[in-house]
A.B. asks: 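Before anything else, here's the structure in question.
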Amino acid sequence: METKTKTTRANGNEVVTKITGAEALLRSLLAEDVETVFGYIGGAIMPVYDAMYNYQDRIKHVMVRHEQGAIHAAQGYARIKRKPGVCFTTSGPGATNLVTGLADAMLDSTPLVCITGQVAAGLLGTDAFQETDVVSVSMPITKWNYQVTSADEIPEAIAKAFFIANSGRPGPVLLDIAKNAQMEEMEYAYEQLTAVSSYVPRPKPAINSIEAAAELINTCERPLVLLGQGVAISGAEDEFRTFVEKAGLPVASTLLGLSSFPGNHSLYTGMLGMHGNYAPNVNTNQCDLLIAIGMRFDDRVTGNLATYAKQAKVIHIEIDPSEIDKNVKTDVAINADARQALELLIPMVKPNSHAEWLATFGELHKTEFEKVISRDIHPKDDKMRMGEVVNTLSEITNGEAIIVSDVGQHQMATARYYNYRKQNSWITSGGLGTMGFGIPAGMGVALAEPERPVFVIVGDGGFQMTLQELGTIAQYQLPVKIILMNNNFLGMVRQWQELFFESRYANTELVNPDFLKIAEGFGVPGKQLFDRNRLKEELQALMVLEGPFVLEVKVEKEGNIFPMIPAGGTVSEMRLD
């Protein structure tokens with residue numbers, strides 16, 4: 001059905017444009033510079049899809065194979081583009097299939113605008129076909145949500161959704177639009193929002209706090225900077241580098257902070273966390289000053305809070321006031337955007353070098369290299385390891401590809417052994433740890449950044465959760481290179497069972513299908529790799545291939561990821577084996 005635009009005369013001269021709510025939605029998306037939408041059609045969203053028929057040359061719609069694939073793809077797109085990803089679904093099961101992605105985006109501060117269709121307003125509350133109260137369902141896992149029951153509400157709701165999703169600490173927003181609102185006619189006008197009453201997304205940093213932080217930095221002897229994703233979200237990578245180089249500050253990264261600072265920089269000491277690097281974790285309890293920037297002191301970083309960095313003064317730069325003093329008590333709190341705070345700090349800190357302190361990281365790294373890293377990247381037996389696969393990929397790509405990871409042992413190996421040298425190069429599920437995230441997120445990344453190589457690292461467990469999206473990859477010929485680490489186990493859970501449950505492998509061993517036949521059935525070529533002597537050759541071949549590909553690598557069946565902080569343990573108790 002063709003979308004019609006009507007004009008009427010008002011006050012004798014004024015021309016008022018009247019369009020349907022569905023078209024108002026699409027025009028509003030264009031006003032917000034939306035180029036790509038991920039979605040899955042259904043009855044309650046059908047008027048929007050019908051209107052989209054006339055917008056195909058202006059908005060690219062990617063028809064996924066499952067609604068969870070739509071929202072994870074929107075997440076990947078958003079993280080690379082650094083603007084809200086958009087997805088459409090229908091009501092009922094279509095809407096509830098977004099729940100995992102909403103929770104994931106909420107924890108990882110990913111800006112999304114999710115549009116769900118809903119039954120007509122007159123049927124709300126009647127348990128109509130495919131009616132679900134998605135607003136109530138999604139309230140705890142969205143930054144804002146709202147149900148639209150009239151076409152007149154659509155432009156303002158869209159404007160508010162984009163402003164809230166992408167301002168301050170970003171996050172997901174959901175608009176549930178009743179079917180009648182999509183079909184009604186309304187007088188259309190659109191204005192982007194720059195403020196919302198009582199919402200202060202960009203708090204002004206207190207100068208006295210900046211000065212107090214500079215004083216601590218200028219007088220400390222053993223500082224350690226904790227680099228979080230907030231640095232990337234605020235676009236502060238360059239300011240961050242200037243700051244740490246001027247003051248000579250050792251840097252450790254959270255999982256989501258990776259790629260915001262070069263992995264080969266002399267001040268970089270490694271990754272924090274349960275499976276992070278030995279030196280920054282151990283020295284967290286040796287430093288005299290912790291400077292946390294754009295991170296939230298997640299339990300995977302801190303371990304046991306009762307003994308975490310008790311000897312240190314703590315500076316916390318964080319845009320979300322609810323995260324300050326939530327887990328770790330601060331001495332100086334700077335509630336501000338990371339970039340704005342760093343711009344104020346840089347002229348106040350003095351040039352410095354902490355060579356003796358920095359050398360302690362080097363000594364600890366030598367210990368980790370001898371006991372863990374050398375074994376992982378240069379194994380002496382015939383068992384292929386995840387670490388050597390990732391390390392080889394890092395060398396071939398010079399650390400400059402975009403790496404998307406699913407969740408599990410392969411995720412930790414990829415975080416540890418890919419040497420990220422280019423900004424905005426690492427996408428994974430952090431706070432929620434969502435298996436199945438990798439493949440659809442990789443689709444969004446490939447569409448957002450078509451000029452850079454995109455590799456998705458996934459395990460055999462997570463692969464089977466969203467493998468239907470191979471159909472989407474094939475349909476749109478997305479150049480996603482999938483490296484499937486197959487060990488026939490849910491590896492991370494199996495590792496815990498081995499270490500803490502006396503190797504009682506309850507329901508973690510997998511009898512897997514023929515992954516390459518499945519990929520071939522979807523139209524995606526692939527190959528299986530057993531022989532490490534062909535590893536470099538096969539990865540180099542991926543670099544020049546056009547289109548998608550699945551490389552299934554048979555890795556060590558019962559390999560473990562070390563170092564490891566035991567659950568409930570302290571950062572000082574990190575195990576090397």
Side-chain angles (χ1 to χ4, degrees), residues 75-82 227-229 231-242 244-245 251-271 276-277 373 376-377 386-406 410-428 430 437-439 441-458 473 478-485 535-551 553:
Q75 286 178 270
Y77 186 92
R79 296 264 286 273
I80 289 296
K81 283 287 194 181
R82 297 185 178 176
L227 164 64
Q229 188 190 199
V231 170
I233 290 172
S234 67
E237 293 97 335
D238 293 342
E239 289 78 6
F240 179 86
R241 183 167 179 167
T242 299
V244 298
E245 287 180 343
V251 175
S253 177
T254 67
L255 177 67
L256 295 185
L258 293 173
S259 86
S260 292
F261 190 72
N264 60 343
H265 196 286
S266 60
L267 291 173
Y268 184 66
T269 68
M271 183 176 74
N277 292 107
I373 297 173
D376 282 351
I377 65 175
M386 296 179 183
E388 66 177 309
V389 176
V390 174
N391 182 66
T392 304
L393 179 66
S394 181
E395 291 175 350
I396 288 170
T397 60
N398 198 34
E400 295 183 348
I402 300 179
I403 306 297
V404 183
S405 171
D406 208 83
H410 62 278
Q411 177 191 33
M412 294 297 101
T414 306
R416 286 175 53 79
Y417 295 121
Y418 195 89
N419 189 0
Y420 300 91
R421 298 185 182 184
K422 193 168 184 176
Q423 296 175 9
N424 207 17
S425 296
W426 165 243
I427 307 294
T428 194
F437 173 89
I439 292 175
M443 300 187 316
V445 169
L447 283 159
E449 189 61 270
E451 300 305 317
R452 292 180 64 190
V454 177
F455 290 87
V456 173
I457 316 293
V458 63
I473 290 171
L478 302 177
V480 177
K481 307 303 188 293
I482 299 170
I483 300 176
L484 167 58
M485 306 277 203
L535 174 60
K536 187 173 183 179
E537 178 184 342
E538 296 296 348
L539 292 178
Q540 286 174 330
L542 288 184
M543 289 293 293
V544 297
L545 275 174
E546 294 184 4
F549 196 85
V550 175
L551 180 65
V553 184

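Source: prediction; values computed, not measured.
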A.B. asks: For G276 versus R416, what's the shortest heavy-atom pair and its separation?
C.D. replies: O-NH1, 2.9 Å
A.B. asks: Which heavy-atom pair separates G76 from I427 by the least distance, and what is that distance?
C.D. replies: CA-CG2, 4.5 Å
A.B. asks: In Å and rounded to the nearest 0.5 Å, what is the OG1 to OH distance from T414 to Y420?
C.D. replies: 6.0 Å
A.B. asks: Passes side chain to side chain contact (heavy atoms under 4.5 Å, CB included), L255 versus M412? Steps please.
C.D. replies: CA-CA 9 Å; L255 177 67; M412 294 297 101; 4.0 Å; yes
A.B. asks: Nearest 0.5 Å, what's the CD1-CZ distance between I396 and F455?
C.D. replies: 8.0 Å
A.B. asks: Within a strict 4.5 Å, meaning less than it, do heavy atoms of the V454 and V404 side chains meet?
C.D. replies: yes
A.B. asks: Could you measure the distance from the CD atom of Q229 to the CH2 atom of W426? Nearest 0.5 Å is fine.
C.D. replies: 11.5 Å
A.B. asks: Using side chain to side chain contact (heavy atoms under 4.5 Å, CB included), reason through N398 and R421 one step at a time and then give a plain yes or no.
C.D. replies: CA-CA 8 Å; N398 198 34; R421 298 185 182 184; 3.2 Å; yes
A.B. asks: Okay, side chain of S405, backbone of T428: is any donor-acceptor separation there less than 3.5 Å?
C.D. replies: no
A.B. asks: Run Q423 and D238 through side chain to side chain contact (heavy atoms under 4.5 Å, CB included) and show every step you take.
C.D. replies: CA-CA 10 Å; Q423 296 175 9; D238 293 342; 3.2 Å; yes
A.B. asks: Can you tell me how far the CD atom of Q411 sits from the CD1 atom of I403, to the nearest 0.5 Å?
C.D. replies: 13.0 Å
A.B. asks: Does K481 use its side chain to pair, donor to acceptor, with the backbone of G547 at less than 3.5 Å?
C.D. replies: yes
A.B. asks: Going from CZ on F549 to CD1 on I473, what distance comes out if it is rounded to the nearest 0.5 angstrom?
C.D. replies: 13.5 Å
A.B. asks: Counting only N and O atoms by type, is there a donor-acceptor contact under 3.5 Å from the side chain of T392 to the main-chain atoms of E388?
C.D. replies: yes
A.B. asks: Using only atom types and a distance under 3.5 Å, with no angle test, would you say the side chain of R452 pairs donor to acceptor with the backbone of E400?
C.D. replies: yes
A.B. asks: Could you list all the side chain to side chain donor-acceptor pair (under 3.5 Å) pairs where at least one residue sits in residues 253-267, not counting sequence neighbours?
C.D. replies: E245-H265
A.B. asks: Identify whether the distance between the nearest side-chain nitrogen and carboxylate oxygen of R82 and E237 falls below 4.0 Å.
C.D. replies: yes
A.B. asks: Does V389 reach the side chain of H410, with side-chain heavy atoms less than 4.5 Å apart?
C.D. replies: no
A.B. asks: Closest heavy-atom contact between V480 and A446?
C.D. replies: CG2-CB, 3.8 Å
A.B. asks: Under the side-chain hydrogen bond (donor to acceptor under 3.5 Å, both in side chains) rule, collect the residues that match up with S234, sequence neighbours excluded.
C.D. replies: none
A.B. asks: Can you tell which of V458, V390, V456, L539 makes a side-chain contact (heavy atoms from CB on, under 4.5 Å) with I483?
C.D. replies: L539
A.B. asks: Is there a side chain to side chain contact (heavy atoms under 4.5 Å, CB included) between Y417 and L393? Walk through the geometry before answering.
C.D. replies: CA-CA 9 Å; Y417 295 121; L393 179 66; over 6 Å; no
A.B. asks: Taking the side chain as every heavy atom from C-beta outward, state whether L256 and R79 have any pair of such atoms under 4.5 Å apart.
C.D. replies: yes
A.B. asks: About how many Å separate CD1 of I457 and OH of Y418, when rounded to the nearest 0.5 Å?
C.D. replies: 9.0 Å
A.B. asks: What are the two closest non-hydrogen atoms of G387 and A413, and how far apart are they?
C.D. replies: N-CB, 4.3 Å
A.B. asks: Should F261 and V231 count as side-chain neighbours, where that means a heavy-atom distance under 4.5 Å?
C.D. replies: no
